[in-house]
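Since the structure comes first, as structure tokens, the remarks are kept for the end.
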Protein chains: 4
Amino acid sequence: MAVRVVVNGIGVIGKRIAHAVRLQDDMNLVGISDVTATSTLRTVLEPDGPLYKTDLYCSDPNRIEEMRNAGMYVKGTLEELLQDGKVDVVVDATPKGIGAKNKELYKKYGVKAIFQGGEKADVADMTFNSFVNFDEAKDKQFVRVPSCNTTALIRTLWTLSQLCEIEEAVVALVRRAADPVNPRKGPINAIVPNMDVPSHHGPDVKTVLKDLNIKTLAVVVPTTLAHTHVIHVESKNPPKKEEILEAFAKTPRILTFKASHGYTSTAEIIEHFRDILRPRYDMYEVAVWEESINVMEDDIFWAQAVHSEAIVIPENIDAIRAMFGLAKDNWESIKKTNKTMGIY
Amino acid sequence: MAVRVVVNGIGVIGKRIAHAVRLQDDMNLVGISDVTATSTLRTVLEPDGPLYKTDLYCSDPNRIEEMRNAGMYVKGTLEELLQDGKVDVVVDATPKGIGAKNKELYKKYGVKAIFQGGEKADVADMTFNSFVNFDEAKDKQFVRVPSCNTTALIRTLWTLSQLCEIEEAVVALVRRAADPVNPRKGPINAIVPNMDVPSHHGPDVKTVLKDLNIKTLAVVVPTTLAHTHVIHVESKNPPKKEEILEAFAKTPRILTFKASHGYTSTAEIIEHFRDILRPRYDMYEVAVWEESINVMEDDIFWAQAVHSEAIVIPENIDAIRAMFGLAKDNWESIKKTNKTMGIY
Amino acid sequence: MAVRVVVNGIGVIGKRIAHAVRLQDDMNLVGISDVTATSTLRTVLEPDGPLYKTDLYCSDPNRIEEMRNAGMYVKGTLEELLQDGKVDVVVDATPKGIGAKNKELYKKYGVKAIFQGGEKADVADMTFNSFVNFDEAKDKQFVRVPSCNTTALIRTLWTLSQLCEIEEAVVALVRRAADPVNPRKGPINAIVPNMDVPSHHGPDVKTVLKDLNIKTLAVVVPTTLAHTHVIHVESKNPPKKEEILEAFAKTPRILTFKASHGYTSTAEIIEHFRDILRPRYDMYEVAVWEESINVMEDDIFWAQAVHSEAIVIPENIDAIRAMFGLAKDNWESIKKTNKTMGIY
Amino acid sequence: MAVRVVVNGIGVIGKRIAHAVRLQDDMNLVGISDVTATSTLRTVLEPDGPLYKTDLYCSDPNRIEEMRNAGMYVKGTLEELLQDGKVDVVVDATPKGIGAKNKELYKKYGVKAIFQGGEKADVADMTFNSFVNFDEAKDKQFVRVPSCNTTALIRTLWTLSQLCEIEEAVVALVRRAADPVNPRKGPINAIVPNMDVPSHHGPDVKTVLKDLNIKTLAVVVPTTLAHTHVIHVESKNPPKKEEILEAFAKTPRILTFKASHGYTSTAEIIEHFRDILRPRYDMYEVAVWEESINVMEDDIFWAQAVHSEAIVIPENIDAIRAMFGLAKDNWESIKKTNKTMGIY
């Protein structure tokens, strides 16, 4: 029987998760919930939108009238829906910090929940990655899917860790400053370094890859398309460049692009996903530039692009499957999610 | 019998036209042609790409080996294909100025051709717009589809001209500086005014709306998403705001967006097309901001967004239909093109 | 005897006015006032800063301790200073809307005040421009200097109005989205049209040029350097292009730049002011691109660049002189201000 | 007797060097040379420009007429000037690769020359840094001043190396994509990673700090103001954070900024230099964000901003002094250069 899913918070991440849930035959999207009548909400519920005919709920009883007055058809409050016992899991994609508050509601009604990387790790019983700890999610009530940056680093570093010992990884995260939809946030012409040095991303990776020695530094730059990571790993038994390239190429959800084929920046990589007609040009994969992979003595280097809007979506789908035992193992779930979503 | 189409020049425009041709049941894409192995070409011909299994030709006999050496399967030269008499029309979407040179080839083999707005108007027997002069294209050998800016202005100004006399239209074109795929072109932080004041766009509109008194001024700004036009029309019998809004709303290929619904900029409008899962987020429509429409005495104002990559694609499809008499009138062709491409 | 000036609000505009006051021999900067310890305030009061040894006051009695705790030496509150009767005029450069509130304080102590364009016109007894209404400011208590866009338009349109009748002026304002110092404000990649169409700038110009028939439309674009105006004027007796160029060239505070000399955008124009070592690269002048000036029958066109941070500074200095009768006429004041500030 | 200097190539770097030479009492700017009539050249030679009344030469005999026709007063060719024996040293700031060609000319006439970082290291007898190898430049004919990124890294890493052993330094360079004056270069909305991983900057640092184990990775981002470096150093005897901060603070040409004082990005740091009225807002210093300095076990971290237009200028001045023995040691030259140029 299909797992009954509600997505709470229909922003950049939530709208994609709800759409992805709909593509699964072992899940059933019973509704979405939000607190305000945004252009996003209007659009995805339109006849051409991916959530057409989905039931809409209001997460805050005090704002339901406002949403209705703005012309939205709101079936009821999220709490009413949970009360009715028709929900197995809430995927909470609300803004940073709101998820932790919502947790009380989920507890009250005994539903499972998945939180996103904006919440602190201790909001949940575990932090999840499809490659690393799928089995541990079984029967957990609260699971957290870490952020786009963390998920991308886990994918490639875990893959590398199958080839060699990683003494230390040092990563500079060059972050896109705002989502494409947002015309208010800057900077227009500046670089904003993160003053937490090393940044929180390293410890966040360690909530999944617990023994990894990783340090991260982050800067924010004026672009909306994708993050870029430049990575340096020290290893006493480094593989050859060709071995790393092969491992990345054959691992699902990691793609390799050749600059020599014209993929010189995040722009042409994103255009690739427009050109293969990926919905919303979503790149669920982490993209590694082939020429950037280099091994010099004990040092391994590469650069990768991370589509912040999309990369965590398949992880959320896998997490649902893991929590409810819907797949015999992670690779089965990954394969199924990838097939339904058209992921390489 | 289906019209046999070749698209020459698989860049931003050409790749979209080839894709759109494939969606038509009265046209047959017999091949595409280019001169170099770009990342675009690789992508659209991939199994996930919209031109998979399309035959690839080389437009320049001297470069065929280079393309083959770069790993592309090239069936032959464009000239060989034309020679074989299997092509009815070439849609030429090569860079500015190349189309005029290619015309000799098309003449030599007696094929029809459609040129894009980068070419001068006299390259063709007429400049085409689906609303205005569809019937005139019948039996013409050479037809030109004007640029994105011109096409957008023709659509809304022609629509307005059905409601009132236009004494004068003055338009400021605020242009996106580069296509999203292009990481080399700037400016990063400047405004570049066009020194041709008034700009060439006004006369270009007049190749279609011959009696319109229109002047345009253009500036280039650091964005990649869409152009924005701010328009001022003088009329002695101006309609009411509501009448203009209604006319725009009911005319195909014109859409209206409410800033009050969250569509405050080109960013949220483009996001709308990502959210309805439009291929490549292509906005074939011109988008008018509802609140920007205003009528004060003799003056009419509005602002509109123009997706430079996409807006001319349906016009190219209609132009083929017009040249070969495949539709009884323009509205039949517009309806058919819109249906196949999912255009509002 | 020198007029005693306080500048309230040391932001982008206020810090420049305070600096400019210091350069005048008929004015005396008796202090500056603010409410928080910004990096700007720290810098301008440093030994290398232009306001070194200026007395600092706090505009809000409740925030004086916070400023002192942040390490600033604050002499007292602004109200205490006004109470002491040592101030003749406050130049209020506080954020939009705060000036109107501050007016009560200035009334209470009977000091004169100059407000900036962020305040509504009715905050003051008149809206000022050095070219147009210098004499009327004499003995006024409250004067307003309009915004950068308004000031620029007044300068060039007034100059043109000396050559011909202006039937109508229609202006598209392509606005820089944020000041260079601001890394938080966007957009990064979008165009944001102003939904007030026509925009408020037209009526604001008319607070000074009362009989001008002017309509303005505005869009915001991702750049920090300067605004650009594209202007269309209708006139029944238009001058020749050469006459307009000559009038602009010979009028103070209007400069002409040739694109053919390399000034193709706001970038190279701003670089010009870096290269002549203008403090902060401030362009107090409005810059007209020569090639953009065109006259066709009844239509006059041109494009101009406006440095939003700097253009109103000399107007504030002139306004002080006008209010206190320190110059026999506007041209004397303009000449003096220009000479002290190095303005062309 | 003053050293007679010519600057060849009046672009972003050359115009600043020529200006700086003029500020020195032991150097004499005998001329500048270029090949085309740019807006920069026009401006710096204007009455308000810093090179007013400097003699202008043409570096290419074939282009002298073109320059003269463009309205420039050109005294003669560079070769004629060198032939006359009135030049002791040419500072060559021509575009990448041109310097190496010009070297033949300098050899022919036996003049000394300083090349910039765009040239390969072997163009010169040594690569120079004021802190590290001033004395070695004595009597050398050809000296190279490395690039902005290299110079900045040498300054801070050398300073750190006085406090501890550096096992390894790994640096991510987040580079501004174009100079502010350039409206043609992008990207507008992308991140472009350097495909040479590690990048050439590391080996370039080693032309000066020969024993340093350093690896660098670079990405280009859409901003014009300044580069940002994020740095990770491993050391077996790391100093405390406070010691590093103190060392940076007291070393000339290194500045520290507090994010908590409002210096959160390159924007506010550049604004600082506008606010202290530094010519062209030039930041000759490398700026370290105080809060970014961190020491964790063997790991040292920090982030620094580098003004690519300006940082190498004082090094060029010192290099002249070093080559001609004009100072008894590097600190005397540094002190003198800093004083004349207002450097902290």
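Residue numbers begin at 1 in each chain, while the letters A, B, ... track the order of the sequences. This structure is a prediction, so every number in the text was calculated from the model and none was measured.
Interface check for chain B: of the options Pro183(D), Ala178(D), Pro180(D), the most heavy-atom pairs under 4.5 Å are formed by Pro183(D).
Closest approach of Ala177(D) to Ile188(B), counting heavy atoms only: CB-CD1, 3.5 Å.
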Hey, can you dump all donor-acceptor pairs under 3.5 Å between chain D and chain B, distances included?
from, atom 1, to, atom 2, distance (Å)
Arg184(D), O, Gly186(B), N, 2.7
Gly186(D), N, Arg184(B), O, 2.7

